Amino acid sequence: MAGTDPALGRAMPADSGSIAVRLFPWYTRNGRHHLPWRHTDDDYALWLAEIMLQQTRVETALDYYRRFLEKFPAWKNLASASLDEVLALWSGLGYYARARNAHMASKLVITDWNGLFPDTLESAMLLPGVGRSTAAAVLASAYGQSQAILDANARRVLFRVHGLQGNPRAPAQEKTLWRLAEQETPNPAHDYNQAIQDLGALVCLSRRPKCTVCPLMGICRGSQGTAGKIFPQVSSGPEKQRRPKRYGIFLLVMDGKGKVFLERRPEQGVWGGLWCLPMIYEEAILPTPEDLAERADLIAQRFGAVLGAGEILSFRQHVFSHFILEFAILPAFLPAELQVSDHLSHGRLWALGEARDLGLPSPIRRILEGL
DNA sequence: TAATCGTGGTC
DNA sequence: TGACCAAGATT
């Protein structure tokens, strides 16, 4: 058993399975038992929660989860929906590949898995968007299996408790961490999985962990000799590389009826599948006046539209995970007698009221709401 | 292996 | 204000 070594007078590293025993009493009292996915054993609802929570804060995902579940309460509802409907409900949540993958996964569950989430790790991971940790979480929650998860919370807790060194998010630690995760995971695993995530979210914080109230204080190598000492911070990642900056110009084409032209973005790449203002410029350098003249010609050809005041509105900033987009908006007017060119099959005019219900990137939604 | 893929909150 | 961070998966 883990405990205090009288000879050394300090805490010993955790033994296999020693976390769960200490975690459960704490979890009973302090866990986030109000979370909606804690009150269901429905494989669909549990899978959906896992997908939505990937790289996303619980508080952010909550509203999306409720709306999504209300509109698509079961596999078959999601499978029979259009991608547009799905992306509309995902709009603003980010990482839109999750929505596309989830849509596809729901179809596969209907066609290949008899309408039930697959019941083995290997088969579950065949679903797009379902990796090992997500698969394990669903199997443990929906089917009561003993499956270890390794999300950011579990990773951080295990890293500290076992006194590992370096960066807990480094891929090189994968094997070690999975082995530890499996060692610590009891059967059934559901409550333990939830508990370790709650500990990571409420106590074993990335910054300023609350070691003094941690139920693992006695076995955590990271908290040895706590009592006022500064807790070893988990290093946040490899050498920080500056986010490159890109410059973009969105074209705001509106007709006399107040309709706005939007085009669907290709499924690969940023904002895949979402409806967006046409991006007529996207480079690593600021557009020159020559650039802009060229773009104006392009606009005339593509849309038959005329530049409004010809003025570019001031640049705004949108931060992505791996670059910063500084973008401006170029208003243009589409005279009533002109039509958008037929070859623009990937785009069309939308009334503002309609556009509101589309899957839009966040900054585009803000622009349209400001009209 | 490392890059890609969003967004909003926090300090 | 810039950097970090959040229930990762995919290529």
Side-chain angles (χ1 to χ4, degrees), chain A residues 31-32 35-38 46-65 87 90-102 104-105 124-138 140-141 147-157 167-174 177-178 181 190 192-202 204-209 233-245 265-274 276 317-325 359-366:
Chain A
R32 296 176 291 182
L35 299 177
W37 44 85
R38 300 261 166 101
L46 290 164
W47 160 81
L48 178 64
E50 291 302 326
I51 300 298
M52 276 199 173
L53 288 166
Q54 288 170 1
Q55 297 290 284
T56 305
R57 293 175 190 281
V58 165
E59 310 79 57
T60 304
L62 272 175
D63 284 343
Y64 284 88
Y65 179 75
L87 287 173
W90 208 275
S91 181
L93 194 54
Y95 286 129
Y96 298 98
R98 292 183 297 170
R100 285 181 270 120
N101 286 334
M104 177 58 66
M125 289 173 66
L126 293 175
L127 296 175
V130 177
R132 180 171 174 184
S133 193
T134 296
V138 177
S141 298
Q147 297 282 1
I149 62 167
L150 191 60
D151 72 317
N153 288 312
R155 191 181 295 266
R156 190 170 55 251
V157 171
N167 172 18
R169 307 178 70 162
Q173 301 280 357
E174 284 293 297
L177 283 164
W178 272 111
H190 171 64
Y192 169 79
N193 287 347
Q194 303 304 309
I196 198 167
Q197 289 182 301
D198 280 3
L199 188 76
L202 302 173
C204 194
L205 307 176
S206 181
R207 297 182 270 200
R208 296 168 156 270
Q233 290 289 317
V234 168
S235 71
S236 54
E239 64 286 352
K240 50 176 177 267
Q241 47 199 359
R242 292 186 58 78
R243 244 185 277 242
K245 198 165 281 189
R265 293 189 54 97
E267 289 205 3
Q268 72 279 14
V270 170
W271 294 337
L274 274 66
C276 191
Q317 203 175 72
H318 183 72
V319 179
F320 287 89
S321 50
H322 52 300
F323 67 95
I324 296 174
L325 179 67
L360 303 172
S362 281
I364 303 301
R365 184 173 297 284
R366 277 192 287 272

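All figures in this text were calculated on a predicted structure; none of them were measured in a lab. Just so it is clear: chains get the letters A, B, ... in the order the sequence lines come, proteins before strands, and each one is counted from 1.
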Within less than 4.0 Å of OP1 or OP2 of B/dA3, is there a side-chain N or O belonging to A/H322?
no
When you get a sec, tell me which of B/dG6, C/dT10, C/dG8 is the closest nucleotide to the side chain of A/N101?
C/dT10
Quick one: is A/T134 getting a side-chain N or O under 4.0 Å of the C/dA9 phosphate, OP1 or OP2?
yes
Do side-chain atoms of A/R155 reach the backbone of A/L177 as a donor and acceptor pair under 3.5 angstrom?
no
Given C/dA7, B/dT7, C/dA6, identify the nucleotide with an atom nearest to the side chain of A/S362.
B/dT7
Quick check on B/dC5: is either OP1 or OP2 less than 4.0 Å from any side-chain nitrogen or oxygen of A/W90?
no
Of the candidates B/dT4, C/dG8, B/dT7, the side chain of A/V319 sits closest to B/dT7
Interatomic distance, A/L46 CG vs C/dA7 P [rounded to whole Å]:
18 Å
Does OP1 or OP2 of C/dC5 have a side-chain N or O of A/R156 closer than 4.0 Å?
no
Rounded to whole angstroms, how far apart are CG on A/L62 and C1' on B/dT7?
16 Å
So which one's nearest nucleotide on DNA chain B is more toward 5', A/P171 or A/P363?
A/P171
A/P128 or A/L53, whichever maps to the more 5' nucleotide of DNA chain C
A/L53
Heavy-atom distance under 4.5 Å between the side chains of A/W47 and A/V130, does that happen here?
yes
Heavy atoms only, 4.0 Å cut-off, all strands: where does A/L325 land among base, sugar-phosphate and nothing?
nothing
Would you mind classifying the nucleic acid contact of A/I149 as base, sugar-phosphate or nothing, using non-hydrogen atoms under 4.0 angstrom?
nothing
Whole Å only: how far is the CD atom of A/E174 from the P atom of B/dA2?
13 Å
When rounded to the nearest 0.5 Å, the distance separating CD of A/Q55 from OG of A/S321 is 9.5 Å
For A/F323 and B/dT7, what is the distance between atoms CZ and P respectively, to the nearest whole Å?
10 Å
Within a strict 4.5 Å, meaning less than it, do heavy atoms of the A/Y95 and A/L93 side chains meet?
no
Would you please say whether a donor-acceptor pair under 3.5 Å links the side chains of A/Q54 and A/R98?
no
In whole angstroms, how far is the P atom of C/dG8 from the CH2 atom of A/W47?
16 Å
Rounded to the nearest Å, what distance is computed from the CD atom of residue A/Q55 to the P atom of nucleotide C/dT10?
13 Å
Look at the rings of A/W271 and A/H318 and say which category their plane angle falls in: under 30° parallel, 30 to 60° tilted, over 60° perpendicular.
tilted
Under 3.5 Å, is there a donor-acceptor pair between the side chain of A/N101 and the main chain of A/I51?
no
Among C/dA7, C/dC5, B/dG6, the nucleotide that comes nearest once only the side chain of A/R207 is considered:
C/dC5
Donor-acceptor pair under 3.5 Å: do we get one between A/R32's side chain and the base of C/dA7?
yes
What is the nucleic acid contact for A/W37, judged by heavy atoms within less than 4.0 Å: base, sugar-phosphate only, or nothing?
base
Residue-phosphate contact under 4.0 Å: A/H318 side-chain N/O, B/dG6 OP1/OP2
no
Given C/dA9, C/dC5, C/dA7, the nucleotide with the shortest approach to the side chain of A/Q54:
C/dA9
Is the phosphate of B/dG6, meaning OP1 or OP2, less than 4.0 Å from a side-chain N or O of A/R98?
no
Could you check whether A/R265 gets within reach of a base, just the sugar-phosphate, or nothing at all, counting any heavy atom under 4.0 Å?
nothing
Using a 4.0 Å heavy-atom cut-off across all strands, classify A/G92 as base, sugar-phosphate, or nothing.
sugar-phosphate
For nucleotides C/dA7 and B/dA3, find the distance between their C1' atoms and express it as a whole number of Å.
22 Å
Against the side chain of A/R57, the closest entry in C/dA7, B/dC5, B/dG9 is B/dG9
Counting any heavy atom closer than 4.0 Å, what does A/S321 reach on the DNA or RNA strands: base, sugar-phosphate only, or nothing?
base
Just how far, in rounded Å, is P of B/dG8 from CD of A/Q317?
14 Å
Give me the distance, rounded to whole Å, that separates B/dG8 from C/dA9 when you measure between the P atoms they each carry.
23 Å
Are A/R366 and B/dG8 close enough that a side-chain N or O sits under 4.0 Å from OP1 or OP2?
yes
Roughly how many Å is it from CD in A/Q268 to P in B/dT4, rounded to a whole number?
15 Å
Per atom distances to the A/Y95 side chain, the nearest of C/dA7, C/dT10, B/dG6 is B/dG6
